[in-house]
Amino acid sequence: MELCVALDLPDRMLNLALAEKLVDHDIWLKVGFRSFIRDGKGFIEELKQLNPNYKIFLDLKLYDIPNTMADAAEEIAGLGVEMFNVHASAGKKAMQTVIERLKEFENRPLVLAVTALTSFDHKSFHEIYGADIEEKAPWFAMQAYQAGLDGVVCSAFESRAIKRATDEKFLTLTPGIRPFGEASDDQKRVADLQTAKEEMADIIVVGRPVYKADDPAAVVKKILQNL
Ligand code: C5P
């Protein structure tokens with residue numbers, strides 16, 4: 001299991017200061033919409049300057065027509081990030097087109113699919129997809145697997161079932177982790193490290209329990225010791 005710290009602080013300097021505190025660890029860092037829209041390619045480069053072994057997960061959740069998604073994927077691969085994601089609901093064709101386009105890269109980034117956004121409750125999910133989350137999320141995971149993607153973003157509680165339905169090597173990246181039972185904040189279903197391990201999560205995403213801590217480096221160290 002690997003650790004990905006979400007750089008969810010409100011501005012570039014705060015995120016860089018956090019990344020600077022964690023440089024002793026070759027972990028994943030998650031860069032989201034907000035940072036990337038504002039701070040762009042330069043921010044990715046600054047993170048890599050702090051520690052060239054940081055692995056960057058660009059969390060932009062692409063959703064568009066296949067050719068436009070493939071164009072974006074090509075640009076993302078050119079940024080030198082190690083992983084990014086797309087919405088599985090963009091369709092199998094779109095996901096296949098993305099993977100096909102990335103074949104020209106020697107070291108292409110890993111591509112994950114978002115199955116269902118955790119912000120949906122049953123009613124709002126049903127309104128859009130005409131099905132229950134429990135039924136549709138594994139189906140989306142299967143579509144991503146068949147399209148040749150590397151894995152999915154999912155809840156730790158779904159990780160094992162997805163691997164069972166696809167392949168043990170199909171990656172699961174799981175947010176909503178409270179490593180040592182910290183406050184759940186606005187997350188509905190949180191898993192601790194032990195549960196994430198039991199559920200065979202490959203990469204856990206941790207935000208607030210790290211960046212809100214008095215000593216983020218100490219928390220990261222403790223998580224890494226317990227992976
Ligand atoms: O602070 P916390 O550990 O809850 O942060 C989790 C991170 O993972 C945030 O960046 C959040 O947007 C992201 N995420 C999530 N649930 C998803 C997908 C992404 O919490 N389904």
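Order of appearance sets the numbers: ligands from 1, and atoms from 1 within every ligand.
- The salt bridge (Lys or Arg N to Asp or Glu O under 4.0 Å) with Asp202 is formed by just one residue from the set Lys169, Lys197, Lys163; it is Lys163.
- Salt bridge status for Lys30 with Asp59: present, with a side-chain N to carboxylate O gap under 4.0 Å.
- Side chain of Thr97 to main chain of Lys93: a donor-acceptor pair is present (N/O by atom type, distance under 3.5 Å, no hydrogens or angles).
- Taking 4.0 Å as the cut-off between side-chain N and carboxylate O, Asp11 and Arg38 do not count as a salt-bridged pair.
- With a 6.0 Å radius and a threshold of 12 heavy atoms from other residues, nucleotides or ligands, Glu104 has its CD atom above the threshold.
- Taking a heavy-atom cut-off of under 4.0 Å, ligand 1 is surrounded by Ala6, Asp8, Lys30, Thr118, Pro175, Arg178, Gln187, Val205, Val206, Gly207, Arg208, Pro209.
- Glu198 and Gln194 share a donor-acceptor pair across their side chains, judged by distance under 3.5 Å alone.
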